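When reading the values below, keep in mind they use all heavy atoms of this one structure, side chains included, and skip hydrogens, waters and symmetry mates. Remember, it's a predicted structure, so these values are computed and weren't measured experimentally. FYI, the numbering just counts along the sequence from 1.
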Amino acid sequence: MKLSEIKTRDQFNEMADVQYQRTKNLWLAATDGDKSDYYRVKAFDLWLTSMERVQKIIIVACKIQTQRHKNFPSGGIVNKNR
């Protein structure tokens, strides 16, 4: 599921959990000493890509959690004493 297709918070949480589990499993595969070097390098490369996706998910989650105040000025905080 693409991030743009998500409509509810439950869908977002489910997608974020799946992506986190994939990233965790890729890290375990990348650090598994019993596997070949090619397998571990490929898993590490996929892990880096997956981490970029997790970072995007974290940014979206922060934006969802941020509350906006109606009385907050649109230009930001201004010091009127100056």
Side-chain angles (χ1 to χ4, degrees):
M1 178 181 294
K2 292 182 180 181
L3 199 56
S4 61
E5 296 173 356
I6 295 175
K7 302 297 181 200
T8 65
R9 189 175 292 238
D10 291 334
Q11 288 177 333
F12 177 79
N13 290 338
E14 180 182 344
M15 186 270 311
D17 187 49
V18 168
Q19 188 62 41
Y20 172 77
Q21 293 301 324
R22 286 180 184 168
T23 304
K24 181 178 149 189
N25 290 337
L26 283 169
W27 178 253
L28 293 175
T31 58
D32 187 6
D34 296 335
K35 303 292 183 178
S36 67
D37 289 340
Y38 176 79
Y39 180 88
R40 289 187 288 136
V41 168
K42 189 67 174 173
F44 183 76
D45 288 342
L46 290 172
W47 176 79
L48 287 175
T49 304
S50 186
M51 279 301 295
E52 289 177 7
R53 291 180 185 158
V54 168
Q55 289 173 346
K56 288 178 184 178
I57 291 170
I58 290 170
I59 290 170
V60 170
C62 289
K63 288 180 180 179
I64 289 172
Q65 298 296 329
T66 303
Q67 295 179 357
R68 298 188 186 261
H69 300 286
K70 294 179 183 177
N71 297 331
F72 194 75
S74 62
I77 298 173
V78 178
N79 188 355
K80 293 185 179 182
N81 293 335
R82 288 187 173 182

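- The shortest side-chain heavy-atom distance between Arg53 and Lys56 does not fall under the 4.5 Å cut-off.
- A single hydrophobic cluster is seen to contain both Met15 and Ile64, as judged by linkage of ILVMFWY side chains at heavy-atom distances under 4.5 Å, directly or through other members.
- Residue pairs meeting the salt bridge (charged side-chain N to carboxylate O under 4.0 Å, His left out) criterion with at least one member in residues 24-45, sequence neighbours excluded: Asp37-Arg40.
- Taking hydrophobic clusters as Ile, Leu, Val, Met, Phe, Trp and Tyr residues chained together by side-chain heavy-atom distances below 4.5 Å, Phe44 does not share a cluster with Leu28.
- Rounding to the nearest 0.5 Å gives a distance of 10.0 Å between CD1 of Ile57 and CG of Asp17.
- Screening residues 13-37 for ring-ring contact (aromatic ring centres under 6.0 Å, His included) gives Trp27-Trp47 as the qualifying pairs, with residues at least two apart or on separate chains.
- Here Leu46 contributes atom CG and Thr23 contributes atom OG1; the two are 10.5 Å apart, rounded to the nearest 0.5 Å.
- Remark: Ile58 CD1 to Gln19 CD distance equals 11.0 Å, nearest 0.5 Å.
- In this structure, the side chains of Asp10 and Glu14 stay at 4.5 Å or more apart for every pair of heavy atoms.
- The side-chain contact (heavy atoms from CB on, under 4.5 Å) check on Ala29 picks up Tyr39, Ala43, with sequence neighbours excluded.
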